Number of protein chains: 2
Amino acid sequence: MTGTSNTPASVKVTIDAWESLFRAQVAVMRKVSAKPEFHKLSMREYDVLFNLRICPGGRSRLVDLNRYLLISQPSLSRMVTRLEDKGLITREADPTDQRAMQLSLTPRGLAVQQEIGREHVKHIYEQIGTALSEEEFLQLQQLTSKLRSAIK
Amino acid sequence: MTGTSNTPASVKVTIDAWESLFRAQVAVMRKVSAKPEFHKLSMREYDVLFNLRICPGGRSRLVDLNRYLLISQPSLSRMVTRLEDKGLITREADPTDQRAMQLSLTPRGLAVQQEIGREHVKHIYEQIGTALSEEEFLQLQQLTSKLRSAIK
DNA sequence: TGTTATTAGATGCATACGCATATAAATTGG
DNA sequence: CCAATTTATATGCGTATGCATCTAATAACA
């Protein structure tokens with residue numbers, strides 16, 4: 001529970017927090033996107049594998065996966081084709097909906113995701129691990145979770 | 001001062017916070033990038049105008065501006081050309097460094113930035129204004145500022 | 001100072017991207 | 001239960017992107 005009663009915040013405080021969050025995200029990503037793990041796969045491609053792995057059952061329809069990504073649906077469709085060609089993802093017909101495709105990681109896709117993930121975690125930790133105390137990271141996690149869950 | 005003594009945080013707590021922040025950012029951006037203000041200019045282009053406006057003196061060299069963006073240097077170079085063609089930015093020789101170009105907003109560039117900015121702020125506020133209390137937004141701002149300033 | 005290394009920006013090229021739209025299947029509602 | 005609408009994915013097409021590299025200017029240093 002983050003539990004505080006919510007009178008809506010002022011525009012200024014809201015926007016200042018958002019801009020600060022956004023800029024922090026950019027600063028971290030700039031550093032981390034240059035790391036060697038993203039030479040095998042782009043960050044956007046890694047993000048697809050990551051989101052697919054954490055899906056319930058490790059499977060997802062294209063459109064559902066797309067909700068977690070900033071990329072457009074047609075771009076995702078083509079990216080999935082490329083990842084399929086690389087043997088990292090499979091596209092199977094959904095028995096319950098003839099229009100839909102069930103995506104899932106191949107064993108190699110999972111392995112690649114985990115390998116890149118390990119490196120990525122290491123580099124994120126190198127970048128920010130000492131920036132905040134444990135309690136502060138916990139607070140940050142709670143605030144951003146709450147923020148995210150409030151989005152319609 | 002956010003003032004807490006910093007024993008380095010555990011990997012888990014750090015990464016959980018980072019992932020949560022990242023996902024919150026994606027969720028907000030997904031909503032907000034669909035808004036009509038980004039039909040005139042893409043979000044990346046707007047971000048260039050925004051960052052140029054808040055530069056000290058409203059001017060910046062290409063490479064310095066680039067540090068605040070996720071886009072690559074060649075892409076920024078070409079984007080600047082396009083924004084120049086649209087009359088929103090000027091590229092002037094830097095008297096102190098013959099290699100460099102000083103970028104700045106034209107009056108129209110400033111006007112466009114401010115117009116899009118106003119809409120953008122409104123939509124961000126609509127999305128997240130009631131998600132957290134005023135104190136929580138303040139905390140979030142402080143934590144993310146501290147996070148950002150810690151990045152080498 | 002002359003040579004080398006570094007830095008700023010631009011450009012060629014292959015490719016990934018977004019938008020508009022097509023196709024085909026599912027849902028709605030008369 | 002059929003026509004109209006909506007939903008899921010794919011594709012055509014023009015453009016923006018990133019990587020590698022180029023040129024030109026500055027910095028480093030021997």
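Numbered from 1 within each chain, the chains take letters A, B, ... in sequence-line order. It should be emphasised that the depicted structure is a prediction, and the values quoted were computed from it without experimental measurement.
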Interatomic distance where CD belongs to Q73(A) and P belongs to dA8(D) [whole Å]: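 That distance rounds to 10 Å.
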How many whole angstroms separate atom CG of N66(B) from atom C1' of dT17(D)? 13 Å
Are the side chain of [X] and the backbone N or O of [Y] linked by a donor-acceptor pair below 3.5 Å?
X	Y	result
T144(B)	A24(A)	no
K31(B)	K152(A)	yes
R30(A)	R67(B)	yes

Please list, pair by pair, any protein nitrogen or oxygen found under 3.5 Å from a nitrogen or oxygen in nucleotides 2-7 of chain D.
residue	atom	partner	partner atom	Å
dT7(D)	O2	R99(A)	NH1	2.5

Stepwise salt bridge (charged side-chain N to carboxylate O under 4.0 Å, His left out) test for E119(A) and K35(A): CA-CA 9 Å; E119(A) 287 302 299; K35(A) 301 291 180 185; over 6 Å; no
For L49(A) and I89(A): C-alpha separation, side-chain torsions, deciding distance, then whether side chain to side chain contact (heavy atoms under 4.5 Å, CB included) applies. CA-CA 8 Å; L49(A) 299 193; I89(A) 276 187; 3.9 Å; yes
L62(A), L69(A): one ILVMFWY side-chain cluster at the under-4.5 Å cut-off?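 Yes, because L62(A) and L69(A) connect within a single hydrophobic cluster, where side-chain heavy atoms sit under 4.5 Å apart.
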When hydrophobic residues are tied together by side-chain contacts of less than 4.5 Å, even through go-betweens, does L41(B) share a cluster with V121(B)? yes
Could you pick out which residue, R67(A) or S72(B), lies toward the 5' side of DNA chain D when each is mapped onto its nearest nucleotide? R67(A)
Kindly write out the residues that satisfy side-chain contact (heavy atoms from CB on, under 4.5 Å) with [X], not counting sequence neighbours, or none if the list is empty.
X	answer
E92(A)	R59(A), T90(A), S104(A)
S33(A)	M43(A)
S60(A)	L52(A), C55(A), D64(A), L65(A)
E115(B)	K40(B), R118(B)

What ring pair (Phe, Tyr, Trp, His ring centres under 6.0 Å) pairs are there with at least one residue in residues 93-149 of chain A, not counting sequence neighbours? F38(A)-H120(A), Y46(A)-H120(A)
So which pairs with a foot in residues 64-101 of chain B pass ring pair (Phe, Tyr, Trp, His ring centres under 6.0 Å), sequence neighbours left out?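 Output for this query is empty, none listed.
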State, without any angle test, whether Q73(B) and N66(B) hold a side-chain donor-acceptor pair at a distance under 3.5 Å. no
Non-neighbouring partners of Q141(A) that pass side-chain hydrogen bond (donor to acceptor under 3.5 Å, both in side chains), sequence neighbours left out: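 S145(A).
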For DNA chain C, which nucleotides open and close the run of contacts to chain A, 5' to 3', at under 4.0 angstrom from a non-hydrogen atom?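 Contacts span dA16(C) to dA26(C), reading 5' to 3'.
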Once you build an axis from the first five pairs and another from the last five of the helix from dT1(C)-dA30(D) to dG30(C)-dC1(D), how far apart in angle are they, to 10 degrees?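 If I round to tens, the end axes sit 40° apart.
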Less than 4.0 angstrom between a side-chain N/O of S75(B) and OP1 or OP2 of dG18(D), yes or no? yes
Can you name the nearest heavy-atom pair linking T14(A) to G129(B), along with the distance?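 Shortest heavy-atom separation between T14(A) and G129(B) comes out as CG2-CA, 4.0 Å.
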Listed in order of residue number, which residues of residues 77-97 of chain A have a non-hydrogen atom at under 4.0 Å from DNA chain D?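 Going residue by residue through residues 77-97 of chain A, the ones with a heavy atom under 4.0 Å of DNA chain D turn out to be S77(A), R78(A), R91(A).
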Can you list, by residue number, the residues of residues 30-53 of chain A that have a non-hydrogen atom closer than 4.0 angstrom to DNA chain D?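 Contacting residues: none.
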Residue whose nearest DNA chain C nucleotide is more 5′ - D64(B) or L76(A):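 So the residue in question is D64(B).
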Which comes earlier along DNA chain C counting from the 5' end, the contact point of Q98(A) or that of L70(A), where each point is its nearest nucleotide?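 First, find each residue's nearest nucleotide; the 5'-ward one identifies L70(A).
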